[in-house]
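Single-structure report; data block below.
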There are 2 protein chains.
Amino acid sequence: MRELDAKDRDILGILSKEARIPLKTLAGRIGLSRSATSERVASLEKSGVIRGYRADIGQMDKGLICAFLLVTLIRTPSIGILDQLARYPEVRRVSSVSGQLDLIVEVEVPSIDRLNTLRDLIASHGGVEDLTTAIVLRRDIERAVD
Amino acid sequence: MRELDAKDRDILGILSKEARIPLKTLAGRIGLSRSATSERVASLEKSGVIRGYRADIGQMDKGLICAFLLVTLIRTPSIGILDQLARYPEVRRVSSVSGQLDLIVEVEVPSIDRLNTLRDLIASHGGVEDLTTAIVLRRDIERAVD
DNA sequence: CGGCGTAACCGACGCTTTGCCGGATGCCCG
DNA sequence: CGGGCATCCGGCAAAGCGTCGGTTACGCCG
């Protein structure tokens, strides 16, 4: 299953909001039998389209500090920096972007010290021309899905 | 149930990564009986600590353009801009940050035109001093939740 | 000190949901 | 036309779940 049809999209749309909905209900909503729905969901899981199921926890602070690192590279793509970033578990997301910036790195660290360490490690990479740190003070808006 | 004890936090930690784990397994991991675990989970759901369950969809962004809008405000906090941002469903997340920037707005739009419209609307807000757009070309790293 | 009420736990029961199977249907292509 | 393949359905056994009564632990107060 590589191509997603309309029913697969329906399944994803529903499961992305109610991951624990019974298969019977899901099947009824998309207009298929339970077993067919079950097979589709299993296929979506196995092929990696559905990566997992997560409980949405309200205001679970965890005491972690979030920050954006806005990176400008000397030349793009800079070999090796992605591999280096991938080594740090604190790195949650890395996006290649157009414009003055090249990379937006989102991190979650337990302390400002750790953030500084991470920042210095990245800044000292040969390919990094400029690096701006923006610590998240507050999440003003956060929408899960849709 | 207002106060969360250690076992509640264990439950949340596990469910936030594997929301569809069977109760029996969950009970075994936290060291309680299945029924006691069931009651705790139900209580966490009813009290709103668990807001829901979501499927984690990989590369669902089919056709949607993601972008970061890096906003500098004339004075912070700028009254009204958060309300205005909240009105657009394309706005996925808004973070108040420290540093030269003030706001990082993450959006998902169906087209570049729509992105431009959104950008102009935000830029024309009285409180906005500067606005940089960074369109996401590629997600190099994306980790769900630890 | 002892009795009582509440809260949380356990094990068991019955219903619901799931995973899996055989068989039917539709479609492609030689 | 007729296999091969993918997808669908219905049904069955197994595993899941919510709920119940009974038990234990703990704090309160006479």
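Computed from a prediction, not measured in an experiment: that's the story for all the values here.
- Rounded to whole angstrom, the span from the CG atom of D5(A) across to the P atom of dT7(D) amounts to 9 Å.
- With sequence neighbours left out, the salt bridge (charged side-chain N to carboxylate O under 4.0 Å, His left out) criterion links D10(A) to no other residue.
- For R40(B) and dC17(D), the CZ to C1' distance is 19 Å, given to the nearest whole Å.
- The pair D5(A)-K7(A) does not count as a salt bridge, with every side-chain nitrogen at least 4.0 angstrom from each carboxylate oxygen.
- Within the structure, every pair that satisfies the salt bridge (charged side-chain N to carboxylate O under 4.0 Å, His left out) test and touches residues 111-122 of chain B, not counting sequence neighbours, is listed here: E90(B)-R114(B).
- D102(B) contributes no side-chain N or O that, together with a main-chain N or O of V97(B), makes up a donor-acceptor pair within less than 3.5 Å.
- What separates NZ of K7(B) from P of dC10(C) is a distance of 9 Å, to the nearest Å.
- A donor-acceptor contact shorter than 3.5 Å links the side chain of S16(A) to the backbone of L12(A).
- The existence of a salt bridge linking E39(B) and K46(B) is excluded, since no basic side-chain nitrogen approaches an acidic carboxylate oxygen closer than 4.0 Å.
- Partners of E106(A) by salt bridge (charged side-chain N to carboxylate O under 4.0 Å, His left out), not counting sequence neighbours, listed by chain and number: R93(A), R93(B).
- When atom types are taken as modelled, the side chain of R9(B) and the backbone of L4(B) share a donor-acceptor pair closer than 3.5 angstrom.
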Please tabulate, one pair per line, each protein N/O and nucleotide N/O from nucleotides 19-28 of chain D that are separated by under 3.5 Å, including the distance.
none

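- The CD1-C1' distance, from I11(B) to dC9(C), rounds to 13 Å in whole Å.
- A pairwise comparison of heavy atoms in R139(B) and V136(B) identifies NH1-CG2, 3.9 Å as the closest pair.
- If you check residues 18-31 of chain A against DNA chain C, the residues with a heavy atom closer than 4.0 Å are P22(A), L23(A), K24(A), listed by number.
- Judged by distance alone, with hydrogens and angles left aside, the side-chain atoms of D56(A) form no donor-acceptor pair with the main-chain N or O of R54(B) at under 3.5 Å.
- At least one donor-acceptor pair closer than 3.5 Å links the side chain of S47(B) to the backbone N or O of S43(B).
- One atom, CG of L44(B), and another, C1' of dA8(C), lie 14 Å apart when rounded to the nearest Å.
- One axis for each end of the helix from dC1(C)-dG30(D) to dG30(C)-dC1(D), each built from five base pairs, and the angle between them comes to 20° at 10° resolution.
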